[in-house]
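Okay, structure first, notes after.
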Amino acid sequence: MWRQHTAKQILRYGAAGSATVAVAYGGYSYYRQQKQSTNSLLRLDRAYPQSMAHHADQLETTSMALGQRPHAFWAPPTRSEMINELKGLGRDGSPRTEQEAEFDILVIGGGATGAGCTLDAATRGLRVAMVERDDFASGTSSKSTKLVHGGVRYLQKAIMGLDYEQWKMVREALHERKTFLKIAPYLSNELPILLPVYKWWQLPYFWVGCKMYDLLAGKQGITGSYALGRSKTLESFPMLRDEGLVGSLVYFDGQHNDARMNAALAVTAAAHGAVVANHVEVTDLVKEKDSEGRERVCGARLRDNETGDEWTVRAKGVINATGPFSDAILKMDEPQMTDIVAPSSGVHLVLPSYFSPKSMGMLDPATTDGRVVFFLPWEGGVVAGTTDTVCNVEADPKPSETEIEWILSEIRRFLSPEVKIRRGDVLSAWSGIRPLVRDPKAANTKDLVRNHMIHVSEAGLVTIAGGKWTTYREMAKETVDKAAQEFGLSVPRDCQTEGVRLIGSHAWSDKMFIKLIQTFGVDAEVAKHLAHNYGDRAWAVCALADRGGDAQRLHARYPFVDAEVRYAVQYEYALSAVDVIARRLRLAFLDAQAARESLPRVVAIMADELKWPVDRQRLEHRKALQFLTTMGLPDSILNEDNELIDAGGKRAGVVNLRTTGTLNLVDPASYYRRGVFSADEIGTILAAFAEFDVHGDGHIEVKDIEPLLAAIKVPAAGLAQGLNSYLESAKISMEDPAASVEFEQIFGMLGDIKESFNAKAKTEIKADAKLNQIPTYRSGGGV
């Protein structure tokens, strides 16, 4: 057995050693290419006037010192001004000539790629507009793994399969990772990720892989990887399963707040002259014949989903950057065209922060079906995922219980048996659709493109699809290059986005939160949160709170404050309650129940800002509840009385000793919250326990357990497996009927009974549940 393992390992090490040389040479080659690119930009400086070669940053002011309060803030154009420009008018509604009204580029889609294309085109000096049917990052761009990474999985596949395309993709992504961390430092950060090792031969194997990952990044590298022994591994990640643990490797990647990054891209594009509008839908494409008699796409028919207004916008060309919805736009151009998107569902969960160290994530490199599972601290929670399942394209997909249970079962495999993760610990769960793509011009259209793809139709519609968050900027650069060529545009400048810092980055420092505390008196947790999510614009948020008294938390457990809602409306184009709770504040992603409890206050503040009538407030509340059912909450919340939640965002219901005396074992809501029992149910248990606690000391006798269960009406079906298994789990022995049992033992046993009963009532899921997953050789493993 040892010799067989060794033979396999020798082959692996031989391949890894050869690949190391190849990676070293490839890294050097890539460095040379970047240097040549820099030299060509220098040549551009000499060929054109300085104003033509480098784009001035509209958000930069001489008064901005790092960490200090800026003297003045740039204010974005209002939405009505943006709509006027889309309608071919001046921002003040004044008329324009047909030539003045025409855009160089119209971008459809306000996700990462669409916003990236818009910023790229605007900073090159082009007149560009971007429209989004829903909200910025309302689709896949807000539902990622939150990583900015090259992809260790892709590197492994590139080496083992001698796949140059995957190797090139990792190389480009690592370069973009560094750029990502540079242009938005407050929204992104380095994150150490631990790879636990349970076989001695894997240590050198993983060490070589991590060092190759570092080497491939070259000058664009971040902190280097390192190895840990068994004791240091458990010290760094105490929740890890220790049985058979040999040690670990720790490597570094980037992490970011995806939806806020997307909003920053859109607002930064607006600061550089772009017209951006969310909740504006493309209903059709406009075509005209060119001088050669060919039909060309030259604009689109738009509808403002806020007002219902419809109009036509003209542009020299159109970019389709709608991700999973690319086919819908493509078929407006060519109705008979074969679908290019192969949608894949990636489900993620958020768990409480105590399941992971605050500053270190973990990667399980070998799940039961060959994929990887990430376990990452993020914004005060822990993100776990992901799956890679065949799905249909829809606006707000719901994660299935099978997918959720699969992730939980994989997590349980690498955590200590003492760390019990229950379904009720899941604070939020979401499904994002990953747009894997097929090249319609390829010989075999069933094959998926490993990276991204740019497709140009006969009528000149440019479609960009595929790729991932990390490479959005490079994708945007290639797309705008292609569009400029296809549309015959005269571009004043080369791509500038590698050096364009996003809004909030200019005067931010990692110690800025101290000044916020000293200036406004906010508590430390809130100050750190605001600095981390808004950068130097945290001063504007605090100013709103200081002026209007809106420094109150929206929810007691989270640092989000009322003023953030006002800022989202005034500065970030938030138009609906879902825009705020999901993509500006991220509360729905961190804790769906907390978002639900904060909802009345959010709606009230938005109503004040946007002058909503009562009917619109009720509609927003209803739509937000519907959205939360796609984030892990049960459909039953749609049937509950909304008055159960007061305007302060507090959940009605405290421990009540006057109850019906009945436990609702099949309680959908309990399946989705950390505490198994509601406040009223806890009151029921306490009241019944008090009847048998004759000494009033928090104990009952063993002989009283079955009468207690009968008193609170635990159905016999709830004990189908027998009471003994639950008693053993609670460490209760029935041998001595007069023995004493503590309340905590009884309460824990009842919790186990209810968890078991809920799981059976919800769905029959086995630990080895199989999903309809896309093979890893086609999708890359869903990462």
| note | Minimal heavy-atom distance between Glu132 and Gly111, with the atoms involved, is OE1-N, 4.2 Å
| task | Under the salt bridge (Lys or Arg N to Asp or Glu O under 4.0 Å) rule, what do Glu379 and Lys146 come out as? Steps first, then yes or no, please. | result | CA-CA 10 Å; Glu379 297 294 320; Lys146 322 302 179 193; over 6 Å; no
| message | Can you confirm whether Arg412 sits close enough to Lys420 that some side-chain heavy atom of one is under 4.5 Å from a side-chain heavy atom of the other? | response | no
| request: Is it possible for you to check whether Arg260 lies under 6.0 Å from the centre of the six-membered ring of Tyr534, through NZ or CZ, and within 45° of that ring's axis? | output: yes
| query | Quick one: are Lys468 and Leu147 in side-chain contact, heavy atoms under 4.5 Å? | reply | no
| request: Output, in order, the C-alpha distance, side-chain angles, deciding distance and verdict of side chain to side chain donor-acceptor pair (under 3.5 Å) for Ser142 and Asp258. | output: CA-CA 6 Å; Ser142 63; Asp258 51 7; 5.9 Å; no
| field | Atom pair CG (Leu240) and CG (Leu194), whose distance is rounded to the nearest 0.5 Å | value | 6.5 Å
| note | For Gly361 and Leu376, the nearest pair of non-hydrogen atoms, with its separation, is CA-CD2, 4.0 Å
| message | Just verifying a value: how many Å separate Ser576 OG and Arg583 CZ, rounded to the nearest 0.5 Å? | response | 6.0 Å
| query | When the ring planes of Tyr567 and Tyr571 are compared, do they come out parallel, tilted or perpendicular, using 30° and 60° as the limits? | reply | parallel
| request: Salt-bridge test for Arg553 and Asp523: reply yes if a basic N is under 4.0 Å from a carboxylate O, no otherwise. | output: yes
| task | Applying side-chain contact (heavy atoms from CB on, under 4.5 Å), run through Leu427 and Leu590 and close with a yes or a no. | result | CA-CA 7 Å; Leu427 301 178; Leu590 290 169; over 6 Å; no
| field | Pair Arg557 + Glu597, salt bridge at N-O below 4.0 Å | value | no
| note | Rounded to the nearest 0.5 Å, the CD atom of Glu525 sits from the CG atom of Leu530 at a distance of 10.5 Å
| Polar side chain donor-acceptor pair, Glu190 to Thr223, under 3.5 angstrom | yes
| query | Side chains of His532 and Asn189: is there a donor and an acceptor less than 3.5 Å apart? | reply | no
| Check ion pair Glu410-Arg413 (N to O, under 4.0 angstrom) | yes
| said: Measuring only between side-chain heavy atoms, which start at C-beta, is Arg79 closer than 4.5 Å to Val280? | reply: yes
| message | Give me the atom names and distance for the closest heavy-atom approach of His621 to Pro600. | response | NE2-CG, 4.1 Å
| field | Side-chain touch Val267/Trp74, heavy atoms, less than 4.5 angstrom | value | yes
Distance-only check: which donor-acceptor pairs under 3.5 Å involve side-chain atoms of residues 179-187, not counting sequence neighbours?
residue : atom : partner : partner atom : Å
Thr179  : OG1  : His175  : O            : 3.4
Lys182  : NZ   : Glu498  : O            : 3.4
Tyr186  : OH   : Ile503  : O            : 2.4

| note | Heavy-atom closest pair (Asp135 atom, Asn278 atom, distance to 0.1 Å) is OD1-ND2, 2.9 Å
| message | What verdict does the side chain to side chain donor-acceptor pair (under 3.5 Å) test give for His555 and Gln593, after you've listed the backbone C-alpha separation in whole Å, the side-chain angles of each residue and the deciding distance to 0.1 Å? | response | CA-CA 10 Å; His555 195 282; Gln593 178 60 26; over 6 Å; no
| said: Once rounded to the nearest 0.5 Å, what's the spacing between atom CD1 of Ile193 and atom CE of Met360? | reply: 9.5 Å
| note | Rounded to the nearest 0.5 angstrom, the CE-CG distance for Met362 and Leu195 is 9.5 Å
| Does Ser141 use its side chain to pair, donor to acceptor, with the backbone of Ala112 at less than 3.5 Å? | yes
| message | Is the shortest side-chain heavy-atom distance between His279 and Arg133 below 4.5 Å? | response | no
| Is Asp608 salt-bridged to Arg566, cutoff N-O under 4.0 Å? | yes
| said: For Asp388 and Ser344, which I'm curious about, is there any donor-acceptor pair between the side chains at under 3.5 Å? | reply: yes
| request: Please round to the nearest 0.5 Å and tell me the distance separating atom CG of Leu554 and atom CD1 of Ile581. | output: 10.5 Å
| message | If you apply the rule side chain to side chain donor-acceptor pair (under 3.5 Å), what do you find for Glu403 with Ser431, and how did you get there? | response | CA-CA 9 Å; Glu403 290 171 307; Ser431 173; 5.3 Å; no
| message | Under 3.5 Å, is there a donor on one side chain and an acceptor on the other for Gln255 and His149? | response | no
| field | Summary of ring-ring contact (aromatic ring centres under 6.0 Å, His included) pairs that have at least one residue in residues 579-620, sequence neighbours excluded | value | Trp430-Phe589
| query | Got a salt bridge between Asp536 and Arg501, using NZ or NE/NH1/NH2 to carboxylate O under 4.0 Å? | reply | no
| query | Under the side-chain contact (heavy atoms from CB on, under 4.5 Å) criterion, do Leu408 and Val426 qualify, and how do the steps go? | reply | CA-CA 9 Å; Leu408 290 175; Val426 177; 4.1 Å; yes
| field | side-chain contact (heavy atoms from CB on, under 4.5 Å) assessment of Lys515 paired with Trp539 | value | CA-CA 9 Å; Lys515 288 287 185 182; Trp539 291 101; 3.7 Å; yes
| field | ring pair (Phe, Tyr, Trp, His ring centres under 6.0 Å) evaluation trace for Phe355 with Phe375 | value | CA-CA 9 Å; Phe355 283 116; Phe375 197 68; 7.3 Å; no
| field | Residues Arg241 and Glu418 bridged, charged N to O under 4.0 Å | value | no
| task | Specify the closest pair of heavy atoms between Phe513 and Ala531, including all atoms of both residues, with the distance to one decimal. | result | CB-CB, 4.2 Å
| query | Salt-bridged, Arg616 to Glu306, with N to O below 4.0 Å? | reply | yes
| Full working for side-chain contact (heavy atoms from CB on, under 4.5 Å) between Val350 and Asp591 | CA-CA 8 Å; Val350 171; Asp591 189 332; over 6 Å; no
| Between Ile411 and Ala384, what is the shortest heavy-atom contact and its length? | CD1-CB, 3.4 Å
| task | Verify side chain to side chain donor-acceptor pair (under 3.5 Å) between Asn257 and Arg586, making sure each step is shown before the conclusion. | result | CA-CA 9 Å; Asn257 188 333; Arg586 311 316 310 275; 2.6 Å; yes
| query | Just wondering, do Met606 and Val565 contact through their side chains at under 4.5 Å, heavy atoms? | reply | yes
